[in-house]
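Beneath this line is the structure, given in structure tokens, with notes to follow.
None of these values were measured; they are calculated from a predicted model.
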Amino acid sequence: MIRIAILDDYQNVSLEMADWSPLAGRAAITVFNGHLSNLDEIVERLLPFDVVCVMRERTPLPRTVIERLPRLKLIASTGSRNAAIDVEAAAERGIVVAHTGYDARPTIEMTWALILASARQVALENAHLRTGGWQLTVGDGLHGKTLGVLGLGNIGSEVARIGLAFGLDVIAWSQNLTPDRAQVCGARPVSKEELFRTADILTIHLVLSQRTKGLVGAAELQAMKPSARLINTSRGPIVDEPALIAVLRDRRIAGASLDVFDIEPLPADHPFRSLDNVLATPHIGFVARELYRTFYCDTVENITRWLAQQ
């Protein structure tokens with residue numbers, strides 16, 4: 001009988017999103033809904049387990065954790081990659097790291113939910129209505145405005161195409177963007193400076209790396225229009241968080257819609273929880289029922305396949 005830990009199941013849905021019966025009689029499963037970020041506490045929680053199921057990058061598994069888990073034999077991660085796992089340290093200890101399928105459509109849809117909600121002040125108007133109020137703000141239309149896409153990969157390219165349907169002028173920049181790639185998506189390639197200077201909506205779609213960390217800094221944010229809005233459904237550290245807080249407090253831009261943050265879960269006293277020009281959601285861009293089914297069904301298959309090889 002092996003012991004399996006399912007981590008960071010915030011909604012407590014992992015066991016209902018897949019058929020875990022192939023593991024019946026072969027494994028004891030423990031589900032953890034609460035998140036831990038302290039490495040010593042993570043080690044203490046995981047010491048009894050042979051298999052750890054992690055949800056993308058919620059719980060870090062660096063070398064300093066992996067080397068302190070002598071029973072660990074399999075890390076079953078959701079998604080096609082997980083930067084929070086030290087795969088080299090795992091390989092050195094003979095620990096298998098398995099991944100699942102992925103679908104970017106939920107994040108693309110969430111990006112547009114945040115764009116539209118920000119432009120039309122949906123959260124603010126809803127909160128005002130619930131306290132007995134009526135119309136409070138004047139929203140901004142999208143037609144004829146400029147959508148700036150930072151990163152024209154799988155997600156950014158689809159966000160750009162949808163922008164055309166709203167009648168937006170779509171411009172794009174990334175470090176390796178070619179004119180041909182931009183043209184396929186209906187976007188016009190521009191310099192990084194022009195992207196930030198002219199975009200009415202600036203949406204970020206880059207993979208976090210040493211090259212992209214802090215790529216959106218104080219200079220880029222200060223260059224944006226006072227009426228512009230920043231959207232980030234990618235990764236928090238791509239944006240210099242203190243610089244963003246500063247421009248939002250000074251109302252140098254109209255607002256920001258954020259689904260990702262430097263520290264997750266977002267600390268209770270974080271300014272993003274109280275600034276009235278911030279629309280913040282708790283990293284739910286990928287959290288859709290269909291994708292969760294893919295994640296957990298593939299996880300069961302990965303564990304079953306691994307067991308068959310033992």
Side-chain angles (χ1 to χ4, degrees), residues 110-131 133-151 159 163 166 168-173 190-206 212-264 266-285:
M110 185 66 186
T111 299
W112 277 102
L114 291 178
I115 291 172
L116 294 166
S118 178
R120 299 301 294 272
Q121 301 282 0
V122 170
L124 184 60
E125 290 287 2
N126 176 257
H128 187 58
L129 183 142
R130 286 177 176 271
T131 59
W134 197 236
Q135 293 186 20
L136 183 68
T137 64
V138 177
D140 295 315
L142 297 182
H143 186 85
K145 302 286 180 61
T146 298
L147 174 68
V149 184
L150 181 62
V159 170
F166 281 101
L168 286 153
D169 176 33
V170 181
I171 60 175
W173 177 85
V190 297
S191 67
K192 183 183 177 185
E193 292 74 19
E194 184 178 350
L195 185 83
F196 282 89
R197 189 179 66 252
T198 61
D200 295 294
I201 304 289
L202 194 291
T203 182
I204 300 169
H205 303 288
L206 297 170
T212 61
K213 185 177 182 180
L215 185 67
V216 181
E220 289 76 20
L221 295 167
Q222 294 282 352
M224 294 176 70
K225 298 177 181 179
S227 58
R229 300 178 185 277
L230 181 77
I231 316 295
N232 190 4
T233 56
S234 184
R235 288 293 184 273
I238 294 171
V239 181
D240 182 330
E241 196 169 273
L244 178 57
I245 292 169
V247 297
L248 289 165
R249 280 179 169 157
D250 294 342
R251 300 194 178 275
R252 295 292 302 268
I253 63 174
S257 290
L258 309 170
D259 188 48
V260 289
F261 311 94
D262 282 5
I263 299 173
E264 297 181 4
L266 191 66
D269 60 349
H270 197 284
F272 287 153
R273 290 186 182 267
S274 56
L275 285 166
D276 64 4
N277 52 358
V278 171
L279 173 58
T281 51
H283 202 156
I284 56 172

ask   = Out of Arg197, Arg252, Lys192, which one pairs with Glu220 under the salt bridge (Lys or Arg N to Asp or Glu O under 4.0 Å) rule?
value = Lys192
query = If we only count heavy atoms from C-beta on, is the Val122 to Leu116 side-chain gap below 4.5 Å?
reply = no
inquiry  = Quick check for you: to the nearest 0.5 Å, what is the distance between Glu125 atom CD and Trp134 atom CH2?
reply    = 9.5 Å
inquiry  = Please report the interatomic distance CD(Gln121) to CG(Asn277), rounded to the nearest 0.5 Å.
reply    = 9.0 Å
ask   = Backbone N or O of Ala218 within a donor-acceptor pair of the Asp240 side chain at under 3.5 Å?
value = no
query = Are Val239 and Ile204 side-chain neighbours, meaning at least one heavy-atom pair lies under 4.5 Å?
reply = yes
ask   = Do Asp140 and Arg229 have side-chain heavy atoms sitting under 4.5 Å apart?
value = yes
message = On a heavy-atom basis, which atom in Ser118 and which in Ser257 lie closest, and how many Å separate them?
response = CB-OG, 3.1 Å
ask   = Excluding sequence neighbours, so at least two apart, what forms ring pair (Phe, Tyr, Trp, His ring centres under 6.0 Å) with Trp173?
value = none
task = For atom CD1 of Ile263, decide whether the heavy atoms of other residues, nucleotides or ligands shown that lie under 6.0 angstrom number more than 12.
result = no
task = Search all heavy atoms of Gly217 against all heavy atoms of Ala243 and return the closest pair with its distance.
result = C-CB, 4.4 Å
inquiry  = Can you tell me how far apart CG (Leu275) and CD1 (Ile245) are? Round to the nearest 0.5 Å.
reply    = 7.0 Å
task = Indicate yes or no for a side-chain donor-acceptor contact from Arg273 to the backbone of Leu266 under 3.5 Å, with no hydrogens or angles considered.
result = yes
key: Any side-chain donor near an acceptor of the partner, His270 and Glu241, under 3.5 Å   = yes
key: side-chain contact (heavy atoms from CB on, under 4.5 Å) partners for Asp200, two or more places apart   = Lys145, Thr146, Lys225, Ser227
remark   = Sorted by chain and residue number, the side-chain contact (heavy atoms from CB on, under 4.5 Å) partners of Val260 (sequence neighbours excluded) come out as Asn232, Glu264, His283
request  = For the residue pair Leu124 and Leu279, establish whether any side-chain heavy-atom pair is separated by less than 4.5 Å.
outcome  = no
request  = Considering non-hydrogen atoms only, spot the tightest contact between Leu142 and Leu168 and give its length.
outcome  = O-CD2, 3.1 Å
request  = Would you check, one step at a time, whether the test side chain to side chain contact (heavy atoms under 4.5 Å, CB included) holds for Met110 with Thr281?
outcome  = CA-CA 10 Å; Met110 185 66 186; Thr281 51; 3.5 Å; yes
note = Minimal heavy-atom distance between Leu195 and Val190, with the atoms involved, is N-CG2, 3.8 Å
query = Given the rule in the side chain to side chain contact (heavy atoms under 4.5 Å, CB included) test, do Leu244 and Val216 qualify, once you have shown the distances and angles that lead to the verdict?
reply = CA-CA 9 Å; Leu244 178 57; Val216 181; over 6 Å; no
ask   = Looking only at atom types and distance, does a side-chain atom of Ser234 sit under 3.5 Å from a main-chain N or O of Leu206, one as donor and one as acceptor?
value = yes
Side chain to side chain contact (heavy atoms under 4.5 Å, CB included) assessment of Thr111 paired with His205 = CA-CA 10 Å; Thr111 299; His205 303 288; 3.5 Å; yes
inquiry  = Any donor-acceptor pair under 3.5 Å linking the side-chain atoms of Thr233 with those of Asp259?
reply    = no
note = For Asp276 and Arg251 the tightest heavy-atom approach is OD1-NH2, 2.6 Å
request  = Name the orientation class of the two ring planes belonging to Trp112 and Phe166 (parallel below 30°, tilted from 30 to 60°, perpendicular beyond 60°).
outcome  = parallel
key: Test item: Ser274 side-chain N/O and Pro271 main-chain N/O as donor-acceptor pair under 3.5 Å   = yes
query = Checking Ser191 side chain against Glu194 main chain: does a donor-acceptor pair fall under 3.5 Å?
reply = yes
